[in-house]
Amino acid sequence: PNGVAITPEMIFAGLMGAVLWNLFTWLLGLPSSSSHALFGGLIGAAIVGTWSLGAVNFMVVLSKVLLPAVLAPTIAGLVAYLCTKLAYGITRRSDPDSGDKRTQKRGGFRRGQIFSSSLVALAHGTNDAQKTMGIIALAIFGAQASGTLDNLPAWLAFLHPDGGEKDIDRWIIVTCALVMAAGTAAGGWRIIKTLGHKMVKLHPIDGFAAETASATILSTAAHFGMPVSTTHSISTAIMGVGFAKNPRALKLTVIERIVWAWILTIPAAGGIAYGLLRLFEALGWA
């Protein structure tokens with residue numbers, strides 16, 4: 001960006017900064033944004049790799065990253081609040097926490113969650129998968145420009161970008177889709193428990209409202225090219241659902257830990273990437 005050459009080592013350090021921060025928050029069971037960790041890692045690596053703030057287009061960071069990071073979760077929470085009130089009003093349900101199984105099953109929301117969760121999965125792909133594809137493509141283009149891909153063996157010839165600067169090679173698309181699906185399936189229960197049980201107790205009607213609100217926000221943001229966080233959107237949607245049910249049911253201590261993880265994501269991932277690239281330079285790898 002801004003005419004500054006981005007090397008494969010800088011991209012690798014940025015990616016590792018994001019990965020290490022995401023693993024740390026996953027171990028704590030905190031839903032942090034992989035998108036913002038990725039941005040933070042790349043920003044930190046770009047600054048140390050070029051020793052110039054000019055390597056970062058801060059206007060794009062402000063308009064495409066920071067502003068949506070505030071607006072999207074806020075809107076998701078509000079939409080989820082309204083969806084929950086509407087769903088409870090239409091079905092005339094009593095409090096699902098009362099133990100009345102008939103009210104919990106009314107309205108078919110258990111089956112409806114199959115549809116709403118599928119929408120979230122689709123929206124997740126239209127947003128988060130695009131970022132991953134973009135970073136891989138950036139690394140490939142950078143490696144091609146620097147000559148790193150010269151004299152590759154025949155079986156690695158597919159690494160040469162052949163779609164031009166505006167197209168993503170098909171192998172990148174397929175790889176991202178498969179790996180994201182595998183990661184979602186194997187992610188474990190740490191974050192699921194935090195969102196579905198620790199922050200507020202959810203029932204099918206609540207999950208349907210939260211997922212519908214989150215999918216709507218994510219799809220809209222993807223349409224306008226705004227890389228918002230799936231994690232932030234679904235988390236605040238669940239907060240909105242909990243507030244609609246009973247504000248006192250929300251676990252404020254859990255929410256506080258989540259918000260702190262969000263605030264620290266970009267600087268922490270950037271700091272890790274910064275340290276990794278300095279280490280690479282000291283070892284003569286970059």
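All residue numbers refer to positions in the sequence shown, counting from 1.
With hydrogens and angles ignored, the 3.5 Å screen pairs no side-chain donor or acceptor of Trp262 with any backbone N or O of Ser32. Between the side chain of Ser214 and the main chain of Ala210, no donor-acceptor pair closer than 3.5 Å is present. With hydrogens and angles disregarded, no donor-acceptor distance shorter than 3.5 Å links the side chain of Asp169 to the backbone of Trp171. Put simply, the side chain of Thr25 gets close to the backbone of Trp21: a donor and an acceptor are under 3.5 Å apart. With hydrogens and angles ignored, the 3.5 Å screen pairs a side-chain donor or acceptor of Lys85 with a backbone N or O of Ala244. A donor-acceptor pair under 3.5 Å links the side-chain atoms of Glu211 to the main chain of Ser117, judged by distance alone. Thr236 places no side-chain N or O within 3.5 Å of a backbone atom of Ala76 that could act as its donor or acceptor partner. When atom types are taken as modelled, the side chain of Asn57 and the backbone of Val60 share a donor-acceptor pair closer than 3.5 angstrom. Proximity of a side-chain donor or acceptor of Ser116 to a complementary backbone N or O of Gln113 within less than 3.5 Å is detected. With hydrogens and angles ignored, the 3.5 Å screen pairs no side-chain donor or acceptor of Thr175 with any backbone N or O of Ile172.
Ile136 is connected to Leu159 through a chain of hydrophobic side-chain contacts under 4.5 Å among Ile, Leu, Val, Met, Phe, Trp and Tyr, so both are in one cluster.
The nearest pair of heavy atoms linking Ile272 to Leu20 is CG2-CD1, 3.9 Å. Across all non-hydrogen atoms, the minimal contact from Ala45 to Ala273 is N-CB, 4.0 Å.
For the side-chain contact (heavy atoms from CB on, under 4.5 Å) test with Val228, the passing option among Ser35, Ser33, Pro68 is Pro68; the others fail. The side-chain contact (heavy atoms from CB on, under 4.5 Å) test with Phe12 is passed by exactly one of Met16, Glu9, Met10: Met16. For the side-chain contact (heavy atoms from CB on, under 4.5 Å) with Met239, the qualifying choice from Leu195, Ile234, Ile255 is Ile255, the only one to do so.
In this structure, Phe280 CZ and Leu277 CG are separated by 7.0 Å, a value rounded to the nearest 0.5 Å.
A 6.0 Å sphere centred on CZ of Phe158 holds more than 12 heavy atoms belonging to other residues, nucleotides or ligands.
One side chain, Asp128 or Thr230, offers a donor N or O that lies under 3.5 Å from an acceptor on the other.
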